[in-house]
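All remarks here apply to the structure that follows.
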Amino acid sequence: MKRTHYCERPRESDIGNTVTVSGWVANWRDHGGLVFIDLRDRTGIVQVVFNPEDSAELHERAGRLRSESCITVSGVVSKRPDGMQNPAIPTGMVEIKAGELLVHNESAPPPFDVDNPGEVSLETRLSYRFIDLRRPEIFRIFHMRHRILQTFRRFFDEKGFIEVETPFLTKSTPEGARDFLVPGRLTPGSFYALPQSPQLFKQILMVGGLDKYFQIVKCFRDEDVRASRQPEFTQLDIEMSFVDENDIMDIMEKAMSLVFELAPEKKLSLPLPRLTYGDAMERYGTDAPDLRFSMEIGDISDIAAGCGFRVFKNAVEGGGCVRGICVPGGAAMSRGEIDGFIEWVKQFDLPGLAWFKVEDDGPAGGVAKFFSEGEFNSIAERFNAKPGSLLLFAADMRHKTDRALAPLRLHVAEKMDMIPSDKFELCWVVDAPAFERAEDGRLTFPHHPFTAPYEEDIGLLEERPTEARTKSYDLVLNGVELGGGSVRISDPEVQMQVFRILGYTQDEIEDRFGFLMRALNHGAPPHAGIALGLDRVVSKLLGIDDIRETIAFPKTQRGICMLTGAPTRVEEKQLKELGIATSGQ
RNA sequence: GGGGCCGUAGCUCAACUUGGUUAGAGCGUCGGACUGUCGAUCCGAAGGUUGAGGGUUCGAGUCCCUUCGGCCUCGCCA
């Protein structure tokens, strides 16, 4: 008995035809006489009727069927009796009168109800992912993921890109995220690392003349798991030769607009807005701004410097700043709600917030009394604050004010219901600096050390490294970084200079990046590229917050696969072979 | 590494203010009835090391400590 139709297919036009359907028992209703089986496959549900008058033997076997058993049934598609139709399902006008039944595999009682899962914990669902995946809404996620991947593949193929696979067993790079290591059996004491991204390989492919490369590829980073982060995740990786930053942004925008057509309610307007990294940091306090609402961060350090409020004055005199947001309608908030915000920002290591309300006759409450009328007017003007607004200020070093204000802006907006949930604000954040000063004073990089600075900023690299801008671009959607890229350094002198500024010795450069330096000395073309976090693209397009929902077999917060239990201990023999000793535990 | 929430039947939850007899409910499961249901209905039953271990107490699901696991978050994520 071979399947002829998917469960959702039989309709009134099929009445009288014999069909064979396969699937899982979604529900069973035994009336003593009639037995009804709702049969489910990935397309939907169809009702099968077993009538003892047709076959007593078949009816008896059907009566023993239970949820989630896997069966194949054939029978005649029949019109349901009047009044017995079910308009809730597409096949609800018909039913299959069973003539033959094949039970492939009975199911033990499922740990949760597939069609009414309620609020089953992710833990349980992932342990029984094979049951969870039978749910129509879960199938829809993976079908969408498939379509997004196929859309990208088709698009880049049509544009002349070549998909090339790069190695998973590769070289550890101590900078960046922590590596997953794989011991090399033939080279005891040596380790491969799983790639954090195929970055250097794709650059080498450009030097090799591939010209246009793409890959949909797993990347691995051994950092703490979050709802938006998995230790292994999928990137859409792109690299092109003889192009500049605009070419990459242009082609990516076209690809994204195609993908967005898969969710027709989410329209994109092209070209996407671009804002500079400096602008984003100034106005939103983050390099991944959420543009669905305004409530931009304002800076009143100049006014605060001369005001009578010691906390503000001291902050500015100590090299810090005073920055804040203006909450329209926030003056209606109670003292308790405002105190709630003050408590909330403490998780970002900010001591608190200063605040006052703007009323018809001037400032009120909080720190209002410390400001002259002139100072108040300047502040109100800067924020364009209307009566009824609430002003919230953070006074501290710039990196600390912004670390708190950026999430506070989102937090308040959510509380005030200012975020239109159907809006999709995609933008580019460009021109990130080549270097950033870490809190311990060391130089790091916002992107990676292969990012090309603007020619006119190369002179700044040595003297004022944090002011040198790069030809970089991050793609940001509703406050989430979907991906980023840059024009790469193709001049070996510049690359060497960047490594030296980062403090690498000649030996270290040769040891870690010797192959790159050699490539850059053998006819490297100008090249640029980008990588997108596909799990995030998929979840955003589906309106899902947790990327685990879009990954077939994701890891838990401790990096454990609930299905297999990995990672697990291995046999002593295996370790010995690899020359590895574990330290106790 | 830090902070927080959670863990009770297969699943989702309850057991209160203040520790008190035999830890309950819905769904599911099992048995029975039923020829038009579709989250079927009705009758009945089984099902618990309250995540684990220790402590306080006459008495612990409840309080304390440790531990395991899940989730959120800061740090981390070139």
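So that the names make sense, note that chain A is the first sequence line, chain B the second, and so on, each numbered from 1. All of these numbers come straight from a predicted model, not from anything done at the bench. For the numbers below, each heavy atom of this structure counts, side chains included, while hydrogens, waters and symmetry mates do not.
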For A:Asn86, report the nucleic acid contact type (base, sugar-phosphate, nothing); a contact means any heavy atom under 4.0 Å. base
As its Watson-Crick or G-U partner within any shown strand, both distances under 3.5 Å, B:rC5 has B:rG70
Base-pairing assignment for B:rC16 (Watson-Crick or G-U wobble, both under 3.5 Å): none
Report the distance from atom CG of A:Asp287 to atom CD of A:Glu481, rounding to the nearest 0.5 Å. 6.5 Å
Please determine if a side-chain N or O atom of A:Trp28 lies less than 4.0 Å away from the OP1 or OP2 oxygen of B:rG39. no
Going by distance alone, is a donor N or O of one side chain under 3.5 Å from an acceptor N or O of the other, for A:Ser472 and A:Ser486? no
Judged by modelled atom types alone, do A:Thr43 and A:Asp41 share a side-chain donor-acceptor pair under 3.5 Å? yes
Taking the same atom, C1', in B:rG24 and in B:rU50, what whole-Å distance lies between them? 13 Å
Min side-chain heavy-atom separation A:Phe233-A:Lys218 under 4.5 Å: no
From B:rG70, B:rU73, B:rC77, pick the nucleotide closest to the side chain of A:Thr556? B:rG70
Between B:rU67 and B:rG2, how far apart are the two P atoms, rounded to whole Å? 11 Å
Who does B:rC27 pair with, Watson-Crick or G-U, both distances under 3.5 Å? B:rG10
Output the single nucleotide from B:rC74, B:rC38, B:rU29 whose closest atom is nearest the side chain of A:Arg80. B:rC38
What integer distance in Å separates A:Arg178:CZ from B:rG75:C1'? 11 Å
Please classify the nucleic acid contact of A:Ser121 as base, sugar-phosphate, or nothing, using heavy-atom distances under 4.0 Å. sugar-phosphate
Aromatic-base stack, A:Phe36 on B:rU37, cutoff 5.5 Å, angle under 30: yes
Let me spell it out: for each of A:Val49 and A:Asp546, pick the nucleotide of RNA chain B with the closest heavy atom. Which residue's pick is nearer the 5' end? A:Val49
Show, in sequence, the C-alpha distance, side-chain angles and deciding distance for A:Phe515 and A:Phe513, and conclude whether the ring-ring contact (aromatic ring centres under 6.0 Å, His included) test is met. CA-CA 5 Å; A:Phe515 64 100; A:Phe513 305 111; 7.2 Å; no
Is there a side-chain polar atom (N or O) of A:Arg558 under 4.0 Å from OP1 or OP2 of B:rC72? no
For B:rC30, take OP1 and OP2 only and decide whether either is under 4.0 Å from a side-chain N or O of A:Arg66. yes
At under 4.0 Å between heavy atoms, what does A:Glu119 touch on the DNA or RNA strands: base, sugar-phosphate, or nothing? sugar-phosphate
Go nucleotide by nucleotide along RNA chain B from the 5' end; which of A:Arg226 and A:Gln199 gets its closest nucleotide reached first? A:Arg226
Counterpart base for B:rU62, defined by Watson-Crick or G-U wobble contacts under 3.5 Å: none
